[in-house]
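Remember, it's 1-based here, ligands and their atoms both numbered in the order they're listed. Keep in mind that the numbers below use all heavy atoms, side chains included, and drop hydrogens, waters and symmetry copies.
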Amino acid sequence: MYKLTVNLADFLAQYWQKQPTIIKGGFASFTDPISPEELAGLSMEEEIDSRFVSNLDQNWHAEHGPFTEQKFAELADSHWSLIVQATNHWHAGAAELVEPFKALPQWLLDDLMVSYSVQGGGVGPHIDQYDVFIVQGMGKRHWRVGAKDIGQYKETKRHEALRQIESFDAIIDDVLEPGDVLYIPPGFPHDGYALEPSLSYSVGFRSPKEQELISNFADYVLAHDYGDKHMDKPTLSATEHFGQISADDKQTLTNMLMSALQDESTIKDFLGCMLSQSRHQLNIIEPEDKWSAENVAQHLANGGAIYKVAGLRALLHEEEPTMVYINGEVFKLPEAQTWLARALTDSEVIVDIEPNSHVVPLLTELINKGYWFID
Ligand code: SIN
Ligand code: CO
């Protein structure tokens, strides 16, 4: 079990989206949850998002996985990095490293990205729009972080896909050792090079952009066929100006837009559905033989556990704790089942519950969708 040596609440108050910082020894006696070989194994899988970046003699090269055995057989011994996204969705050990960060809301959590770099390996100077905690595992890595971007950093053309920037002055310049944690808020340029074979774990947090909210809301409105009505205004008067949009008409149209955004229950459902969808592929496997409610009840009665798929987002709104949003779907629970809604949204495992007629049908449905599973 991983435990931070700092108090996360105090840390957030001081640094979150404000200042980058290094937490020396953020994890005491840190042990890697995954090996470089296992990481290479994950990067060979079709459904797992991986990248390989090399930079020998400043020749930047980047390619996407999946990779083959062949790739790993012919590698140089320096100046490359292998990066695997959403490792927490595919590797139970790696998922453990997300646990200490669960004091932050799940809808903000993006993924755990793991990178294995040999000496000189890194992705070059760049700026992310993510909050990230970079946990150093085995080996040492030299990190530099610059001041927040206020439009002063120029993008380079060194490599299209890498979106690197020119050099920057460091406000943090240090070597991370196993268990150290570097926190970087969005907008701060950074650059990390391995000094020796190194594993780093980036616990990334990402909030939606305004334009994503608007475009996703438009999709949601269309999918649900809301607002299928034209402007209705029988008070039209003759105009001297054929080409003019009157201030009054502009106001009527603005009101139509605003009223769509002011429908609280639509917005609540929209946000629940949108925020409960992971941006990364999940390891959802629908059982070939569907579970019957009787068998699920029996399993629970025997003290059996039901596990949530790693990284699956199950959320509820504070003011409506019996409506559960799971992977973009809505599930309404009876008032008396608030505890179950909390168990689904706050825990990775459901166990020691009484298999009554309220809980069993829902759990059976969730198991048959592959959202929760029985080991
Ligand atoms: C890496 O681990 O190589 C990249 C992490 C980052 O800078 O975002
Ligand atoms: Co970065």
Side-chain angles (χ1 to χ4, degrees), residues 17 19-22 26 30 32-34 36 39-40 42-43 48-56 60-65 75 78-88 94 97-98 101 109-149 153 155-156 158-159 161-168 170-207 279-280:
Q17 299 212 326
Q19 270 303 315
T21 189
I22 291 177
F30 186 84
D32 286 285
I34 189 169
L39 196 70
L42 293 179
S43 77
I48 302 181
D49 184 9
S50 60
R51 270 180 305 153
F52 177 86
V53 178
S54 62
N55 63 337
L56 196 58
W60 289 91
H61 165 81
E63 68 185 291
H64 273 275
L75 288 177
S78 74
H79 295 86
W80 58 262
S81 263
L82 174 70
I83 298 159
V84 178
Q85 296 289 154
T87 306
N88 54 317
L97 205 41
V98 174
F101 297 95
L109 175 68
D110 192 37
D111 72 332
L112 175 78
M113 181 182 98
V114 182
S115 100
Y116 174 69
S117 307
V118 291
Q119 185 262 315
V123 299
H126 65 280
I127 298 174
D128 294 316
Q129 293 313 320
Y130 294 18
D131 289 270
V132 66
F133 293 88
I134 302 176
V135 181
Q136 180 64 38
M138 65 178 263
K140 291 187 181 142
R141 196 160 169 178
H142 181 184
W143 282 97
R144 294 175 68 254
V145 183
K148 190 175 173 123
D149 184 17
Y153 300 117
E155 236 179 71
T156 69
R158 276 197 288 268
H159 194 289
L162 292 172
R163 311 204 61 193
Q164 293 178 353
I165 54 165
E166 304 283 354
S167 61
F168 57 83
I171 54 171
I172 289 177
D173 187 336
D174 212 338
V175 172
L176 256 61
E177 298 185 19
D180 293 346
V181 181
L182 169 63
Y183 165 70
I184 311 174
F188 289 76
H190 53 279
D191 193 7
Y193 285 97
L195 299 176
E196 56 191 44
S198 149
L199 276 167
S200 28
Y201 304 87
S202 301
V203 187
F205 294 85
R206 182 186 190 281
S207 61
R279 290 164 35 86
H280 302 275

Under 3.5 Å donor-acceptor, Arg144 side chain and Phe168 backbone: yes

Nearest neighbour in protein (non-hydrogen) for atom 8 (O) of ligand 1: Asp128 OD2, 3.2 Å

Min heavy-atom dist Val132 to ligand 1 below 4.0 Å: no

Identity and distance of the protein heavy atom lying nearest atom 5 (C) of ligand 1: Met113 CE, 3.7 Å

Closest to atom 2 (O) of ligand 1 (judged by heavy-atom distance), picking from Ser81, Ser198, Ser115, Gly122: Ser115

N/O donor-acceptor pair under 3.5 Å between Gln119 side chain and Gly121 backbone: no

Polar contact flag for His190 and ligand 1 (N/O pairs, less than 3.5 Å): yes

Polar proximity ligand 1 side, Arg141 side, N/O cut 3.5 Å exclusive: yes

Rounded distance (nearest 0.5 Å) linking atom CD of Gln136 with atom OH of Tyr201: 9.0 Å

Minimum-distance N/O/S atom that Asp128 presents toward the Co ion (ligand 2): OD2

Straight-line distance of Leu97 CG to Asn88 CG, nearest 0.5 Å: 9.5 Å

Ring centres under 6.0 angstrom apart (Phe101, Phe133): yes

Partner of Gln164 under side-chain hydrogen bond (donor to acceptor under 3.5 Å, both in side chains), chosen from Glu155, His159, Arg158: Arg158

Angle in degrees, rounded to 10°, that NE2 of His190 and NE2 of His126 form at the Co ion (ligand 2): 90°

